[in-house]
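Have a look at the structure below before the remarks.
As the structure is a prediction and not an experimental result, all values here were calculated from the model. The chains referred to below are lettered A, B, ... by the order of the sequence lines, with proteins before strands, and numbering in each begins at 1.
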There are 2 protein chains.
Amino acid sequence: MTSIDPRIWTSETVAADLERAIHEHRLPPGTKLGEDELGEAYGISRTLVRAALQALSHRRLVELKRNRGAYVAQPTVQEAREVFEARSLLEPRTARSAAERITEESLATLRNHIADEHDALHAGETGRALFLSGQFHIQIARIADQKTIEDFISELISRSSLIIALYWRRRAAMCESQAHHALIDAFARRDGPLAEDLMKSHLLDLVASLDLRHVVAPPQSLREALGR
Amino acid sequence: MTSIDPRIWTSETVAADLERAIHEHRLPPGTKLGEDELGEAYGISRTLVRAALQALSHRRLVELKRNRGAYVAQPTVQEAREVFEARSLLEPRTARSAAERITEESLATLRNHIADEHDALHAGETGRALFLSGQFHIQIARIADQKTIEDFISELISRSSLIIALYWRRRAAMCESQAHHALIDAFARRDGPLAEDLMKSHLLDLVASLDLRHVVAPPQSLREALGR
DNA sequence: ATCGACATAATTGTATACAATAATGTGCGT
DNA sequence: ACGCACATTATTGTATACAATTATGTCGAT
């Protein structure tokens, strides 16, 4: 899970790099993503930058406003609910499948993953911890050997990171990975139904930790910030 | 559900037009999508064509082979299974939600939809019938008021159309819309659990009507077609 | 005739040029 | 001073030019 830095940047690697930056909260919701600026940063032309931004907009991580540029997306409360609704349909059953077919090797990988997450958290690298926490969920879909579902979950995870950036309640206490440990135990026992239940609860806990009262997001940094 | 033909073509409208052509089996799997050719067809530059093709490749309807061009995707047997696995996680529960909140107006729209589907089928417009059949599933997600899930289902539906093109067993008998009628009845009764069950069976019937024995797709039209 | 090396053509990948649109700044009139 | 019209600047949208790569065709050697 090392960082991205290819010899030569392509639209895909740039998109991946930006997605990771968004996921790690280094690019907060609403950030303007100017084409020239990005082009210079990566040493590529606007053609490739635009391709990357379009890719991210398809994943709803970036909002493309016509003639106005690209911005890191700001999911609404409604969208936040929808994202977790989708996750609640996909992830529990996928966790169950994973538990029923997991190998010792994958189990070891997962454990390492958790350890990294733990280390990052205690090293104060909350961005990296958040990213790894998301990767854990993606790994599960990979273990279930469901690439199609994995792609959906991957998108939903990144979008969840934006949602957390906007609506996370307790700023201090980070996502305690207790739930992830419990899941690993279920995997180790090949207990599918338990894994399904644990994942379901985990997702419910997550939404519960959000403040999803109707505060419209759009006015974001001006009207709302100025309180008028 | 009329056809697309804006005064001026943009990358999005072109992508939508191509997606519909793919969905209606006017562009079979494996078809080469040359950039110059498409550019002339729509009267736009390769820039916009490429943007459209990239969008479709993100939805896995088009495969982009580096330096070799774009082709209508040819989902493998494995991918076919995954697509229907994903649908089975998303659609039944979504049908349930839809049944529990459907309005009389939406119900009327759905009935009209079915009627159009029926007409198209009996008029021999199998492509259009297939498209409308897909739209029916998307409508349900829309009624459930789940835009995020709707987007996923929309993609899965289009991919299903490719899968049907490749693996459909009985060429003659088209998707009998009995299942759709039954679903509408459940909706009319606001019977959520029934709608969920019906959708589950409907999807199982669909996969059952496919021939998913392991015939590798890639060699497709040459090595396989020539049997060597 | 068949195979392979080379040349030619066709197609895609990337950068850049130009057009269109939106944002910003200036100055005039009231 | 304030507001509005207009000019200027910045940024995005689209087309095109050029480079890189792949596909195709030709020719000669065996």
Side-chain angles (χ1 to χ4, degrees), chain A residues 4-18 27 30-74 218-223 225-226 228, chain B residues 4-18 27 30-74 218-223 225-226 228:
Chain A
I4 304 163
D5 193 359
R7 192 135 311 185
I8 198 159
W9 289 96
T10 170
S11 66
E12 271 117 36
T13 55
V14 168
D17 198 54
L18 287 173
L27 289 174
T31 306
K32 171 81 187 272
L33 300 172
E35 299 179 357
D36 280 323
E37 204 175 341
L38 288 175
E40 289 200 20
Y42 290 106
I44 56 178
S45 75
R46 280 180 52 221
T47 305
L48 296 187
V49 171
R50 284 175 71 84
L53 291 175
Q54 280 164 10
L56 291 174
S57 86
H58 293 135
R59 306 195 99 207
R60 310 236 181 248
L61 300 179
V62 160
E63 188 183 357
L64 253 36
K65 307 188 187 182
R66 177 154 184 105
N67 290 322
R68 281 186 203 183
Y71 299 81
V72 176
Q74 302 181 122
Q220 187 66 8
S221 40
L222 283 189
R223 292 183 67 166
L226 300 175
R228 62 185 60 219
Chain B
I4 305 163
D5 193 359
R7 192 133 313 182
I8 197 160
W9 290 97
T10 170
S11 67
E12 271 116 36
T13 55
V14 168
D17 197 56
L18 286 173
L27 288 175
T31 306
K32 170 81 186 272
L33 300 172
E35 297 180 358
D36 280 323
E37 203 174 341
L38 288 174
E40 289 199 21
Y42 289 105
I44 56 177
S45 74
R46 282 178 51 220
T47 306
L48 296 187
V49 171
R50 283 174 73 84
L53 292 175
Q54 280 164 8
L56 292 174
S57 87
H58 293 136
R59 307 195 99 208
R60 311 235 181 246
L61 299 178
V62 160
E63 189 184 357
L64 252 37
K65 307 187 186 181
R66 176 151 185 108
N67 289 322
R68 283 188 201 177
Y71 299 81
V72 177
Q74 301 181 121
Q220 188 66 7
S221 41
L222 283 188
R223 292 183 68 166
L226 300 176
R228 64 183 61 221

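Sequence neighbours left out, the pairs with a member in residues 60-71 of chain A that pass salt bridge (Lys or Arg N to Asp or Glu O under 4.0 Å) are Arg60(A)-Asp151(B).
With values rounded to the nearest 0.5 angstrom, Ser45(A) atom OG is found 12.5 Å from Glu40(A) atom CD. We find the CD-CG distance between Glu12(A) and Leu64(B) to be 8.0 Å, quoted to the nearest 0.5 Å.
Here the closest non-hydrogen pair linking Ala51(B) and Gln54(A) is CB-OE1, 3.8 Å. Nearest heavy atom pair, residue Ala52(A) against residue Ala15(A), reads CB-N, 3.9 Å.
The outermost nucleotides of DNA chain C lying under 4.0 Å from heavy atoms of chain A, listed 5' to 3', are dT14(C) to dA23(C).
Along DNA chain C, the nucleotide closest to Arg66(A) and the one closest to Ser45(A) are compared, and the more 5′ of them pairs with Ser45(A).
Taking atom OH of residue Tyr71(B) and atom P of nucleotide dT22(D), one finds them 13 Å apart after rounding to whole Å.
Residues from residues 47-56 of chain B placing a heavy atom under 4.0 Å of any atom in DNA chain D, listed by number, are Thr47(B), Leu48(B). Applying a 4.0 Å cut-off to non-hydrogen atoms, the residues of residues 31-39 of chain A that approach DNA chain D are Lys32(A), Gly34(A), Glu35(A), listed by residue number.
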Open item on the list: Quick one, Leu27(B) with Leu18(B), criterion side-chain contact (heavy atoms from CB on, under 4.5 Å). Give me CA distance, side-chain angles, the key distance, then yes/no.
Closed with: CA-CA 8 Å; Leu27(B) 288 175; Leu18(B) 286 173; 4.0 Å; yes

Task: Residue pair Leu33(B), Leu38(B): steps toward the side-chain contact (heavy atoms from CB on, under 4.5 Å) verdict - done: CA-CA 7 Å; Leu33(B) 300 172; Leu38(B) 288 174; 4.0 Å; yes

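Side-chain contact between Ile44(B) and Val14(B) is present, with at least one heavy-atom pair separated by less than 4.5 Å.
Checked against side chain to side chain contact (heavy atoms under 4.5 Å, CB included), Glu35(B) has the following partners two or more places apart in sequence or in another chain: Arg46(B), Val49(B), Arg50(B), Leu53(B). Residues forming a ring pair (Phe, Tyr, Trp, His ring centres under 6.0 Å) with Tyr42(B) (at least two apart in sequence, or on another chain): Trp9(B).
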